[in-house]
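Below is one structure, written out as structure tokens; the observations come after it.
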Amino acid sequence: MPARPPDFLEDAPDARTVVERELEFVLVLAAQSAARTPVAVPTRLTYRVSDPYAVHFAFHIDTPDPIGWRFGRDLLIDGVYRPSGDGDVRIWPVGVHGEDGTVCISLSTPDGNAVLRAPAVALTAWLERTMRLVPPGRERLVVPATP
């Protein structure tokens, strides 16, 4: 039996409809935080065929429930390669693509702002899995028609 990739989750509902990945982000800036040192933030990335235009991130921090964010997959795809976004979510690459490259994500709410970074290689690998499941531009073909 072939070995499963390191980011395969046994508890994933169905590999044909959901792509999940656990990834450690690093919180590098938070307006409400007095800490000046980066903080590791375990994060679950989820892509669902039933919601093909969006990605879902669940940030597991010091709260009873994870902090969830949902935004456009196309924004994340663009942000891996060039600065993207102009609202509550902005994404940009830092460094060279490769082992040292990172992707920064800025999240803004009325309660505060946060900047997190993730390894570009791992984030891109997860995105590529979502694009194999539903290629960009083909999302409308998997969205059920509304009566």
Side-chain angles (χ1 to χ4, degrees), residues 3-95 97-136 138-140 142-144 146:
R4 295 179 192 234
D7 58 350
F8 180 84
L9 295 176
E10 288 291 337
D11 64 345
D14 185 341
R16 292 179 311 258
T17 61
V18 177
V19 178
E20 290 187 316
R21 167 85 196 243
E22 296 288 333
L23 188 60
E24 186 170 283
F25 279 60
V26 175
L27 178 66
V28 293
L29 175 69
Q32 66 274 27
S33 173
R36 296 283 184 205
T37 58
V39 176
V41 179
T43 305
R44 178 172 282 220
L45 288 60
T46 305
Y47 176 78
R48 296 180 183 96
V49 169
S50 61
D51 189 10
Y53 292 101
V55 292
H56 303 259
F57 286 12
F59 299 103
H60 297 272
I61 57 173
D62 294 332
T63 59
D65 296 313
I67 306 295
W69 278 80
R70 176 183 177 267
F71 52 90
R73 179 177 70 160
D74 58 342
L75 174 65
L76 185 59
I77 292 169
D78 289 346
V80 166
Y81 299 101
R82 64 187 153 275
S84 298
D86 59 3
D88 294 340
V89 179
R90 293 176 307 150
I91 304 169
W92 65 95
V94 177
H97 245 9
E99 297 200 19
D100 295 331
T102 60
V103 175
C104 289
I105 299 177
S106 172
L107 305 171
S108 298
T109 72
D111 296 326
N113 305 310
V115 176
L116 299 113
R117 69 176 183 237
V121 170
L123 190 58
T124 301
W126 177 77
L127 271 172
E128 287 172 356
R129 288 177 55 213
T130 75
M131 291 186 283
R132 282 193 301 271
L133 192 61
V134 179
R138 310 274 298 176
E139 296 92 348
R140 64 180 172 75
V142 297
V143 175
T146 55

Report the distance from atom [atom1] of [X] to atom [atom2] of [Y], rounding to the nearest 0.5 Å.
X	Y	atom1	atom2	answer
Leu127	Ile77	CG	CD1	5.5 Å
Ile91	Leu75	CD1	CG	4.0 Å
Arg73	Asp78	CZ	CG	11.5 Å
Asp51	Glu139	CG	CD	10.5 Å
Leu76	Phe71	CG	CZ	5.0 Å
Ile105	Leu27	CD1	CG	12.0 Å

Are any non-hydrogen side-chain atoms of [X] and [Y] less than 4.5 angstrom apart?
X	Y	value
Val55	Thr130	no
Arg138	Pro52	no
Pro119	Leu23	yes
Phe57	Val41	no
Met131	Pro136	yes
Thr109	Trp69	yes
Val19	Trp126	yes
Val103	Phe25	no

Exercise: identify the closest heavy-atom pair between [X] and [Y]:
X	Y	value
Ala54	Tyr47	O-CD1, 3.2 Å
Arg117	Cys104	CB-SG, 4.0 Å
Gly79	Pro93	O-CD, 3.2 Å
Glu20	Arg129	O-NH1, 3.5 Å

Could you check Val18 against Thr46 for side chain to side chain contact (heavy atoms under 4.5 Å, CB included), going step by step and ending with a plain yes or no? CA-CA 7 Å; Val18 177; Thr46 305; 4.0 Å; yes
Looking only at side chains, do Asn113 and Ser108 share a donor and an acceptor under 3.5 Å apart? yes
If you apply the rule side chain to side chain contact (heavy atoms under 4.5 Å, CB included), what do you find for Leu123 with Arg21, and how did you get there? CA-CA 9 Å; Leu123 190 58; Arg21 167 85 196 243; over 6 Å; no
